[in-house]
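The sequence lines fix the lettering, A, B, ..., with proteins before strands; numbering per chain opens at 1.
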There are 4 protein chains.
Amino acid sequence: MPSDLRRERDRIRSERRRQAVLDAAARVFVRQGFHRTLISDIAAEAKVGQGTFYRHFPDKPAVFRAVFDRFAESLFAGFAGMSARLPRDAREYRDMSVAAIRELAKGLERNRELALMLLREAPTVDPALQERVDSLHDAFVDLARGYLDHAVAEGFARPCDTRLVAAAIVGLGVAMAHRWWIGRIPGASLDHMIEELVDLVFHGLSR
Amino acid sequence: MPSDLRRERDRIRSERRRQAVLDAAARVFVRQGFHRTLISDIAAEAKVGQGTFYRHFPDKPAVFRAVFDRFAESLFAGFAGMSARLPRDAREYRDMSVAAIRELAKGLERNRELALMLLREAPTVDPALQERVDSLHDAFVDLARGYLDHAVAEGFARPCDTRLVAAAIVGLGVAMAHRWWIGRIPGASLDHMIEELVDLVFHGLSR
Amino acid sequence: MPSDLRRERDRIRSERRRQAVLDAAARVFVRQGFHRTLISDIAAEAKVGQGTFYRHFPDKPAVFRAVFDRFAESLFAGFAGMSARLPRDAREYRDMSVAAIRELAKGLERNRELALMLLREAPTVDPALQERVDSLHDAFVDLARGYLDHAVAEGFARPCDTRLVAAAIVGLGVAMAHRWWIGRIPGASLDHMIEELVDLVFHGLSR
Amino acid sequence: MPSDLRRERDRIRSERRRQAVLDAAARVFVRQGFHRTLISDIAAEAKVGQGTFYRHFPDKPAVFRAVFDRFAESLFAGFAGMSARLPRDAREYRDMSVAAIRELAKGLERNRELALMLLREAPTVDPALQERVDSLHDAFVDLARGYLDHAVAEGFARPCDTRLVAAAIVGLGVAMAHRWWIGRIPGASLDHMIEELVDLVFHGLSR
DNA sequence: AATGAATGAGGGTTCATTCAT
DNA sequence: GATGAATGAACCCTCATTCAT
């Protein structure tokens, strides 16, 4: 049945188009921000007609949401492979944290402008987007809290309100990443910054 | 030629009007965000004609900037009276920090929605606004760093990269305030949160 | 009775004000044209408040009309003294024409920018103004025709459709004045131009 | 990627639309003048949306300029075929002039309202338009001067400042056309007027 | 009477969305 | 399905006119 073949080919081509528009949208959003971006800018960047944009996305917030979600997924995908082995003492715990954060930072470095843009713009796009940003944040807090609970249970860290501390750690991390990316942490290497921050926290949690 | 008296009375009345428009703008921005706010919304909220808006502000970004600046000034004004006495030991240092932060938090509580809005919207209004947010942040980092340097000099705190740590503390503070305000730190009192965070940092900086 | 005195003084002062606004309006119209001129421009130029403008003129077209009428009157006033003696031969006729036109030109030279502006702008202000420009033109045609009829009657000029020829002479005159003022008649003295044109016409009307 | 055929068809359709908007603009300008005409008037007259106007012209002065330029071109196009043969004596010269002017007048008769409007409004639209009107005038003066120089060289006309006289002739012609069109030359046929004027000038230039 | 702040209708322009080809 | 011209609602801003002081 050739029509099935044809249909499949069309589906693939359509999906490729959608990705192209999505990529273009991400680039333009990074360059101009959400509110200064016109549908025609995205279409032009993707080298398709404006009508084609509407075949793949119902409106501007929708394509922003798609950009955001794709980024969020890639972020978690980066974590999936990481949490392999649990540390056995405080020292190992600290070194693994440094390594993990370094890895995360390296991965983000490629998309830092995208990440910055999403952090900046998402809360003003839509209440829905605002919610998603907060949920993403929560997800990281939950992740951190899991590690922290383990550390407390194993006696690597002093007992504390782990939910609160996890939130603090994530908040600190996001804030510092932000300021690092916008160049407001001058005269320090990324590695130095990471070590200093991890030390601050580990020291702060030591028994 | 109008009398000086008349001119002065007009100036005062005009300033009152300007404040009324500014207040109205702040309320509408909080309610709807910058981008969903129309000039006509602001004028209606202030109960003046649209033309009156333009007598006092050249455009929407300008009134936003004015709202932002007024808030930033009130923020610093709140600090002016605080930094009276320097602490003489780590314990006093810790207690004073808790007290100061509590005070700050209480002051912000009244304007929390405004603060949230500014934090959220400012970076998408204007490159100039983005810069101002970052500078405000920097100002707090400098402030924190001053205290920190003193603490290290006096031996209350271990030596460290005070610039980095100050940035971390401010970042952590802003992030937690943010999450507290949006209700993502459930089941904890403000006082508990402040103490827990101050302890984390003080512990992290103890010798 | 002091109130009569007072009333008279007020009337004089009001009239002075009116003239000041009128002068200011003329200057601004010359500088910017009718359509680019705001009431506030006129008030500022006259150094009075906007409200004062409306005490003396109901709106913008009205003040333009007043500027126009004042100019038209001064134009005719200039002629009043001129038409003293009628010429007795063609030669005298020609010399008197040159002298009269020279006089007229000299008088206009002081107001040439005003004249140009009125010529340019009046037809687009108002149908009423358009009509007034045409009537002014007609008045000059009638004047010219009177002279012409006399010249034909006396045998200085060949018989012709004097209405048509008078219109042609005035049209030619206005057109040349216009082009002279805007600098499109380069490399000729005013006197040379006048003589050349008068000669053309007198030659054209000679028997 | 659209086919060449499609692109060509679109181009033609777009050009047709542009002409429709241009025609509509000319009609509305004639009816209401430049300054009383709204973009929405033009769009309504052309039976298109306001947005469509902006697809073809950036603003109101631009469409006026286009109307003006199209008229100016058609004016010159009318002349192209005319200046075929040069006259061999004064009589022929006179008759050819009458014929040419009659032809020109007939051609203009169809567009007399447009011509009047352009003459009236152009100088108040834009400094650029003012310049264009003057240049158009100059072009006619140059044309007339060419004929005049030839006439003098051949001895049909007496020596004179041909530039000045050419300017005078064109000025006279434009002024009379204007007054003819607005009905201020009552009781004379067009032909009579033309002959009378040509005679005046020819007589004026005869040896 | 003079002032100039206040007003809001008016009009230019943009741009998300539709739709004929 | 793809295109981009067409649309017109939406919104910003101006400025003639009014009016409280």
Side-chain angles (χ1 to χ4, degrees), chain A residues 10-11 13-14 17 36-44 46-61, chain B residues 1-3 5-7 9-11 13-14 16-18 21 36-44 46-60, chain C residues 10-11 13-14 17 36-44 46-61, chain D residues 1-3 5-7 9-11 13-14 16-18 21 35-44 46-61:
Chain A
D10 283 359
R11 210 193 50 72
R13 196 185 326 195
S14 173
R17 269 278 167 99
R36 293 190 198 292
T37 294
L38 313 181
I39 300 293
S40 58
D41 292 334
I42 297 173
K47 288 176 180 149
V48 300
Q50 292 195 46
T52 305
F53 172 89
Y54 283 93
R55 179 155 300 282
H56 296 289
F57 301 97
D59 53 22
K60 199 155 58 122
Chain B
M1 49 212 130
S3 71
L5 199 74
R6 162 82 187 267
R7 200 167 287 176
R9 221 179 36 199
D10 281 1
R11 209 191 51 70
R13 199 201 308 263
S14 173
R16 229 200 296 281
R17 265 292 164 95
R18 197 191 125 94
V21 173
R36 291 190 197 294
T37 294
L38 312 183
I39 301 292
S40 56
D41 293 334
I42 297 173
K47 288 177 180 145
V48 300
Q50 284 204 49
T52 304
F53 172 88
Y54 285 98
R55 176 161 297 282
H56 295 287
F57 300 97
D59 52 21
K60 200 156 54 120
Chain C
D10 283 359
R11 210 193 50 71
R13 195 186 325 195
S14 173
R17 269 277 167 98
R36 293 190 199 293
T37 294
L38 313 182
I39 301 293
S40 58
D41 292 334
I42 297 173
K47 288 176 180 148
V48 300
Q50 293 195 46
T52 305
F53 172 90
Y54 283 95
R55 178 155 302 280
H56 296 288
F57 301 97
D59 53 22
K60 197 153 60 122
Chain D
M1 47 214 127
S3 71
L5 200 74
R6 161 80 187 269
R7 200 168 286 179
R9 220 179 39 198
D10 282 0
R11 210 191 52 68
R13 197 203 309 263
S14 172
R16 230 200 296 282
R17 263 296 164 94
R18 197 191 126 94
V21 173
H35 297 282
R36 291 191 198 294
T37 294
L38 312 183
I39 301 292
S40 56
D41 293 333
I42 297 173
K47 289 180 181 142
V48 300
Q50 285 204 49
T52 304
F53 172 88
Y54 285 97
R55 175 161 297 282
H56 294 288
F57 301 97
D59 51 23
K60 199 153 60 117

Whole-Å distance, A:Arg36 CZ to E:dT14 C1', equals 15 Å
Output for pair (D:Gln50 CD, D:Ile42 CD1), nearest 0.5 Å, gives 10.0 Å
Contact check, residues 46-56 of chain A vs DNA chain E, heavy-atom distance under 4.0 Å, returns A:Gln50, A:Tyr54
Separation of F:dA2 atom C1' from A:Asp10 atom CG, nearest Å, is 12 Å
From CG of B:Asp41 across to C1' of F:dC12 the rounded distance in Å is 13 Å
- Item | Side-chain heavy atoms of B:Ser14 within contact of B:His56, under 4.5 Å | yes
Do C:Tyr54 and C:Ile39 make a side-chain contact, defined as non-hydrogen atoms from C-beta onward lying under 4.5 Å apart? yes
Between CZ of B:Arg9 and C1' of E:dA2 the distance, given in whole Å, is 13 Å
Taken to the nearest whole Å, CD1/D:Ile39 to P/F:dA10 is 21 Å
Open item on the list: Do A:Asp10 and A:Arg13 make a side-chain contact, defined as non-hydrogen atoms from C-beta onward lying under 4.5 Å apart?
Closed with: yes
Out of E:dA2, E:dT7, E:dA16, minimum distance to the side chain of B:Arg17 belongs to E:dT7
D:Arg18 and D:Phe57 have their tightest heavy-atom pair at NH1-CE2, 3.3 Å
Intra- and inter-strand pairing of DNA chain E, written as dot-bracket with Watson-Crick and G-U pairs under 3.5 Å and | for the latter, reads .||||||||||||||||||||
Taking E:dA16, F:dA16, E:dG12 as options, the one with an atom nearest any side-chain atom of C:Lys60 is F:dA16
Whole-Å distance, D:Arg7 CZ to F:dA5 P, equals 10 Å
ask   = Within the structure shown, what part of the strands sits under 4.0 Å from B:Arg13 by heavy-atom distance: base, sugar-phosphate, or nothing?
value = sugar-phosphate
Checklist entry - Touch check for A:Asp59, heavy atoms < 4.0 angstrom, all strands: base, sugar-phosphate only, or nothing? => result sugar-phosphate
note: D:Phe57, atom CZ; F:dA6, atom P; distance rounded to Å ~ 12 Å
note: B:Leu38, atom CG; F:dA9, atom P; distance rounded to Å ~ 17 Å
Scanning both residues in full, the closest heavy-atom pair of D:Arg36 with D:Asp41 reads O-OD2, 3.9 Å
